[in-house]
Protein chains: 2
Amino acid sequence: MKGMSRTQGDRVEARARKSGEAAESLRAEEELAREAWAPLFELIQEQMRQFPVLAAEFELSPVQAHALRMLGYEPQPMSALAGHLSCDASNVTGLVDRLEGRGLVERRNAEHDRRVKLLCLTEAGQEVRRRLMERMAEPPAAISALSSAELRMLRDVMRRAVEKLGAPGGKPD
Amino acid sequence: MKGMSRTQGDRVEARARKSGEAAESLRAEEELAREAWAPLFELIQEQMRQFPVLAAEFELSPVQAHALRMLGYEPQPMSALAGHLSCDASNVTGLVDRLEGRGLVERRNAEHDRRVKLLCLTEAGQEVRRRLMERMAEPPAAISALSSAELRMLRDVMRRAVEKLGAPGGKPD
DNA sequence: TATTGTTATACTCTATAACTATA
DNA sequence: TATAGTTATAGAGTATAACAATA
């Protein structure tokens, strides 16, 4: 079912360009994107599986780890954190309660709007976050086993990819 | 507390004694791997954030989607699914209860060991899984916006990377 | 005795809806 | 009236421990 070698896709594309068949070339490129995405997705699935374990190294749930990561910049309202986590604002109350209970986060009143509470990391929170980020920056074995040339290509291509990711809907807040 | 990074230091030092250039080259390659990993990790975080939305398109929780994906091959015991999901076996009972309640999965008794229950997808389950897998195969905008040359490089490098991922601890079951 | 799956319990994450205090 | 955050409630995911049936 899937044994077809796809290096021949290159030839198809070249032929399509020459004969001006844009539609065929487009399909070939879509197929190419799928082929590139497939192994990437496998790695992502593996990382999704491992992330709870990584967070647990710091006695954090996956969501707590994600939240800590997002709170590393300037103080932000609860609602902003809810946006980052793609969850309802009501959940952030309990989440922040627990982080605050552990002394990692503080609620501060915003002076421009007394409804708003700004979330800041405590010193302890900053320290945990620093170690967490350092740990997350460690590449998995699958990546670090690549050659220097492969790593350079991967880095350059992925940097271009995530540039495009930041562009369309992305307000960094 | 004082001997914390001793083993690592010893390795670096030993290499440095052999050849200072080799140690420096090693650090450079580690740094390169980190640089390649960083944008990859950003994409992974974004996909982790989006996965619940994708699963919800099929009225599945993230874990249910993951389980359905894992049950696409031959019938397997509950314990195997627990392994795939990296969770305790006790959780699989409720998870399978819900999937079975929706008619997507069946429990079957294994004849070789009457303690074991084998999980199989129903026809409805196979259909949902097929559509789910098709949806997951769609590359995100950040990837499909890359050029053909970039896609080819990405595909080839990532294929080599996940080959190495399958090798070390990987029993596919 | 050891293992497979279940049940009981507790905690976290998540959504919806109703509420408060501001604006 | 609308918005930011809270509370109440319900369902799902997760771990631990105790248990039944089977090996």
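A note on names: the letters A, B, ... follow the listed sequences, proteins ahead of strands, and every chain is numbered from 1.
Salt bridge annotation for B:Arg49-B:Glu46: present, with a cationic side-chain nitrogen under 4.0 angstrom from a carboxylate oxygen. Salt-bridge check for B:Glu134 with B:Arg130: passed, with a basic side-chain N closer than 4.0 Å to an acidic carboxylate O.
Within the nucleic acid shown, B:Ser79 comes within 4.0 Å of sugar-phosphate atoms alone, with no base atom in reach, counting heavy atoms only. Looking at heavy-atom distances under 4.0 Å, B:Pro77 makes contact with sugar-phosphate atoms alone, never a base.
Spacing between atom CZ of A:Phe51 and atom P of D:dT14 amounts to 14 Å, rounded to whole angstrom units. Going from atom CG of A:Leu81 over to atom P of C:dT14 covers 11 Å, rounded to whole Å. Whole-Å rounding puts the B:Gln64 CD to D:dG11 P distance at 14 Å. Note: CD (A:Glu59) to C1' (C:dC11) measures 15 Å, nearest angstrom. Per the geometry, CG belonging to B:Asp97 stands 11 Å off C1' belonging to C:dG5, to the nearest Å. Atoms CG (B:Asn91) and C1' (C:dT12) sit 12 Å apart, rounded to a whole Å. Atom CZ of A:Arg102 is separated from atom C1' of C:dC11 by 14 Å (rounded to the nearest Å). Atom-to-atom, CG of B:Asn109 to P of C:dT6 comes out at 10 Å; the value is rounded to the nearest Å.
Out of D:dA17, D:dT6, D:dG5, the shortest distance to the side chain of A:Val116 is found at D:dG5. Taking the side chain of B:Lys117 as heavy atoms from C-beta on, and the options C:dG5, D:dA15, C:dT14, the nearest nucleotide is C:dG5. Nearest nucleotide to the B:Asp88 side chain, out of D:dT16, C:dC13, D:dT7: D:dT16.
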Per-nt protein contacts along nucleotides 18-23 of chain C (heavy atom under 4.0 Å; B base, S backbone sugar-phosphate only, - none) come out as ---BBS
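When B:Glu106, B:Lys117, B:Gln64, B:Met78 are each tested for a side chain to side chain contact (heavy atoms under 4.5 Å, CB included) with B:Val96, only one passes: B:Met78. Remark: of the listed residues A:Arg69, A:Gln76, A:His66, A:Gln76 is the sole one forming a side chain to side chain donor-acceptor pair (under 3.5 Å) with A:His84.
With hydrophobic clusters built from ILVMFWY side chains whose heavy atoms lie under 4.5 angstrom apart, B:Leu68 shares a cluster with B:Leu54.
With hydrogens and angles ignored, no donor-acceptor pair closer than 3.5 Å exists between the side chain of B:Ser90 and the base of D:dT14.
Annotation: of the two residues near DNA chain C, A:Val63 and A:Ala89, the 5′-most nearest-nucleotide partner is A:Val63. Nearer to the 5' terminus of DNA chain C, by closest-nucleotide assignment, is the contact made by B:Arg107 (compared with the other of A:Leu95 and B:Arg107).
For A:Phe51, the ring-ring contact (aromatic ring centres under 6.0 Å, His included) test picks out no residue, with sequence neighbours left out.
In this structure, B:Arg135 is not positioned above the aromatic face of A:Phe41 in the sense of NZ or CZ being under 6.0 Å from the six-membered ring centre and within 45° of the axis.
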